[in-house]
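What follows is a set of notes on a single structure, which appears directly below.
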Amino acid sequence: MPPRQPVRIRPRRTPGDVLAGLGALVLLVALVGGVPYALLRLAGPPVPPELLDLDVLTSQVGTSTIIAILVLLVWLAWLQLTACVIVEVYAGIRRVGMPAQVPFSGGTQALANRLVSAALLLFTVSAVVVPIARPSGPPPRPPVAAAAADALSALPAPVSGEQRAPLAPVAKVKKVYVVQPPHGRHHESLWEIAEKCLGDGRRYPEVYRLNQHKEQPDGSRLHMADLIRPGWVLDMPDDARNVHVVPVDQPRDETLKDHPYKPAELDGRTQHVTPGTRDLPAEEETRTGRHAEVSPPQDTSVLPGDGSGDRRTGEGTVTTRPGDSGRAERPAPAETGRGTAEPSRTGERADPARTGEHATGREHAPGDPGRGSATERPVPPDWAAEPETGAPLLDYLAGASLLAAGVLAALGGRRRRQLWERALGRRVVRPRDDAAEAEVALRIGADAPGSRMLDLGLRLLGRSLAEQRRVPPTVYAAYLSAQTLDLWIHPPQEDAPAPWVSCDGGQVWRLPAQEGRMIDERSLADAPAPYPGLVSLGSNGEGRVLVDLEAAHGLISLKGERTTSALAALAVELATNRWSDRMRVTLVGFGEELAVIAPDRIRCAGTLADVLPELEATANERGHGDDVLTGRIHGRAADPIWPPHYVLSAVAPTAEEGRRLALLARKGVRTAAGYVVAGEAPHATWNWEITEDGRALVDALGFDVTAQLLPRRHYRSLVELFRTAERLDGEPLPDEPEPQPAAGAPSVEVRILGPAEVLGPPPMEEGRAALAVELVVYLATHPGGVHPVVLGGILWPRGVQSAVRDATIARVVDWLGTDRSGRPNLHTDDAGRLRLGPEVRTDWSLFRAFARRAQADPTMRAVLLEKALGLVRGPLLADRPRGRYAWLAADDLEYDVTAAVADAAHRLCEVRLARGEADRAVGAARAGLLLAPDDEGLWRDLLRATHLTGDAARLRAVADGLHRRSDRPGGGGMAPETEALIDELLPSWRVRSAPSA
């Protein structure tokens, strides 16, 4: 079979495009050529003789002089327009990115941009020149260049060449590999087969494509829902080694009978089989004169990460870097990620990327968080090369502030579902090890206020533009800092709707932070999200830089050493952000485990070939141009118009796949879609590079920022965090005896069941009080003592000098003073640990003492539980400063306190209900909800107690409050048991609480 030749791409233009292009071309000719011709014929040269006479400056101005000045102004305007047209044509034809800015030509250059863009459509498939606003303002940030939508040039026509006569074969044959049975706990994977037979595990997509959907001897097929199984016969590329060669028409079951065992590995020489011979060595094959006829290899694309592995062998050639054996980046057997580990005895799931177990012959339901996805693939090479112990989790997760906020909101919803199933006397399962450390980092870095402002600010902008019947501008990028939210828009518009203000000649729309904080969230409950494709590119040290994937108007090429880490960060933020209503994210070649984070948004595929047919079939249904933005702002959040679909591929596209993806860009106009692919893409409109030092560069936008990345260890920690949140069995509360509070009044009282307070010592200066209180709270909740070095790592997770740590501890020692015996309330014990004295008491220890006594004395249960709940003043450590107390994520305290308070309130409510004391039962439930507002068991107690009062209006108010709480962003919905109880007690509540149409 001769090598495939490139074919010419047929331009796809609508009649409207042709008419618009012809009209623009005629208008350009008239403006550029007709205007000077008319001026020369009717008005004479650009500078009339009247203006050359110096006496005109002192003599009386007449009509002829005024006409001469006007003619000169018209010539200058024509000259400015001509310069703009030349600049735009040069940018469109040469694809240089941003057109040069002609001075003082904002409106004129915008007109030239539109005319040139329409005219160029007559000569290219898509040649669009779209300038981007240059950012300016107080925060320093990189200059923004223009995004030029890359024209899809027609590929050269097939070139005829001399056809080489094929060899005269004895019989047509093919190369196959028989998947071997497992040895112990090890199963073969496509990665290992590719490395063994092709010399590079990253060539596994070739084997996948050759065998996709082909029936195997056991009747099953290789597709997205299956794994390879022992006894499967896999077709192999023609350059494969250590394989069997069989007749091309031989059935697979017969091949399996003839070759049940793996072939002998003869130093890379392949065993050949021809009709009438079985397993003859290569030299015997040559001696018999038989020759194997093979077809050229298929087009190949491999995962990015090493330029040497980037093969495209459409002509039957493979290029590698000299000296590259293809083995340097192979993961260890425990890192291949090909299978799924069995559950451990504790019920926790082992990490498939750690265990290396392969679930050969076993299928799981897609999205099962405990077992991983059914389609397991090798670890991408840039992850496979990473060590097991990489950079500290704090380094990346704490810096991804918007990603962290979205992940914590999604995690909160899972934790609420855990609370639905929490049994009395048990707490929800808390994360351990890296998962706990990941949550600490997320809590330190999460920017929930910034995420809220970005979400509400964009929704308010969309609603305001819809009310004014305006077309929303294209937002190429956004900059979110503590002071402002800036949108860089095109075309420039001066009249930004309030509270947004226009800056830099209308190129930037700015929302001040104080205005963003004042936006009423309830008034925007059903306002749609106009720009769901905004995603963090990285940080410039003072704020976050975001880009809109849809604004690329085409394919985005992601290159560099850490492409999978960048794609993983994009995927997690897209899946958890709050400034979108409904979207679909397709991950190609990575990310199967991310379904546990957002199963409603994420799906996975093995290759781009798996998703391209669907993308092409639905391309016309996703809208394009101004229809996308206009349709969105006139929709509803609950039923969005043009929900987007974003494709993130860690598999480099072949030339044909790149061409098909580029054509999906709808001729360089906006669509409700975005495509980011790793590796070189010849038709990419944006080239996004991740440098070795972790910088993100976007050529068309001129960005150079610290990239937002999610390395392999951090990625697995997030996945494990959500897998832990899926466990509904719970953990028993600790029952070890607590130390009894000291008799008499304490000299220092630490209150944590509400806002953090330290009572007794004199007030501390405001700038140091927050840290001092956190130090005391940690020591008070860890009575066993803490070494100063450990305490420093807890209070200063980003690091601190020992002198600063010791000075802070000494200051707190002086602040707490001494007890009645003259001993310091904070001292160092014989082992060098910091401890609080016996006269320092916490409301938490007092609460536990009351609850324990209530459990042991049924006659005094109600009184003691009342005293315990009387200590509760609000959520645990309420109103704590942002970024502080992050250690709670890796500590038992938060989980123990929430479960203990909820249990005490439930027991007291049951006692009051049994006695018919409805109002006191309501008080007990509300006391528990002060600290555990997400425990729906307490909400059900409150509903039953309120119903017992007989006050229907009061019961409706409780039901409506619960409905509003569960329906807010990140609310997690309402437990089915709770809904059923409301239906029973208040059948009409759904009618009253339903949103208006």
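Worth saying up front: this structure is predicted, and the values here are computed from it rather than measured.
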Indicate yes or no: does Asp447 engage Arg882 in a salt bridge with an N to O separation below 4.0 Å.
yes
Does the Arg884 side chain pair with the main chain of Pro881, one donor and one acceptor, at a distance under 3.5 Å?
no
Asp892 (side chain) donor-acceptor with Tyr895 (main chain) under 3.5 angstrom
no
Any donor-acceptor pair under 3.5 Å linking the side chain of Thr474 with the backbone of Ile489?
no
Is any side-chain heavy atom of Met583 closer than 4.5 Å to a side-chain heavy atom of Asn577?
yes
Please give me the minimum heavy-atom distance between Ala513 and Ala482, naming the atom from each residue.
CB-O, 3.4 Å
Run the salt-bridge test on Asp891 and Arg430 with the 4.0 Å N-O cut-off and return the result as yes or no.
no
Rounded to the nearest 0.5 Å, how far apart are NE2 of His714 and CG of Leu709?
9.5 Å
For Leu456, does its backbone N or O pair with a side-chain atom of Arg578 as donor and acceptor, under 3.5 Å?
no
Should Arg716 and Asp434 count as an ion pair when the cut-off is N to O under 4.0 Å?
no
Rounded to the nearest 0.5 Å, the OG1 atom of Thr685 sits from the CG atom of Leu555 at a distance of 7.0 Å
The reported gap from OH in Tyr479 to CG in Asn540 (rounded to nearest 0.5 angstrom) is 3.5 Å
For residues Tyr396 and Ser565, determine if any side-chain heavy atom of one lies less than 4.5 Å from a side-chain heavy atom of the other.
no
Nearest 0.5 Å, what's the CG-CG distance between Leu397 and Leu718?
5.5 Å
Does the distance from a Lys or Arg side-chain N to an Asp or Glu carboxylate O, for Glu614 and Arg584, drop under 4.0 Å?
yes
Under the 3.5 angstrom rule, does the side chain of Arg422 hit a backbone N or O of Gly730 as a donor-acceptor pair?
no
Is any side-chain N of the basic residue among Asp581 and Arg459 closer than 4.0 Å to the acidic one's carboxylate O?
yes
Smallest heavy-atom separation, Thr706 atom then Arg695 atom, equals OG1-NH1, 2.9 Å
Show the nearest heavy-atom pair for residues Leu534 and Trp579, with the distance to one decimal.
O-NE1, 2.9 Å
Please evaluate residues Glu550 and Tyr531 with respect to the criterion side-chain hydrogen bond (donor to acceptor under 3.5 Å, both in side chains), reporting the C-alpha separation (whole Å), side-chain torsions for both, the decisive distance (0.1 Å), and the verdict.
CA-CA 9 Å; Glu550 297 178 9; Tyr531 301 104; over 6 Å; no
Lys/Arg-Asp/Glu bridge criterion (N-O < 4.0 Å) met for Arg417, Glu421:
no
Taking the basic N atoms (NZ, or NE/NH1/NH2) and the acidic carboxylate oxygens, is any pair closer than 4.0 Å for Arg965 and Glu936?
no
Return the NE2 to CD1 distance between His634 and Ile641, rounded to the nearest 0.5 Å.
9.0 Å
Minimum heavy-atom separation for Ala446 to Ala404, with atom names?
CA-CB, 3.7 Å
Lys/Arg N to Asp/Glu carboxylate O, Lys559 vs Glu689, below 4.0 Å
no
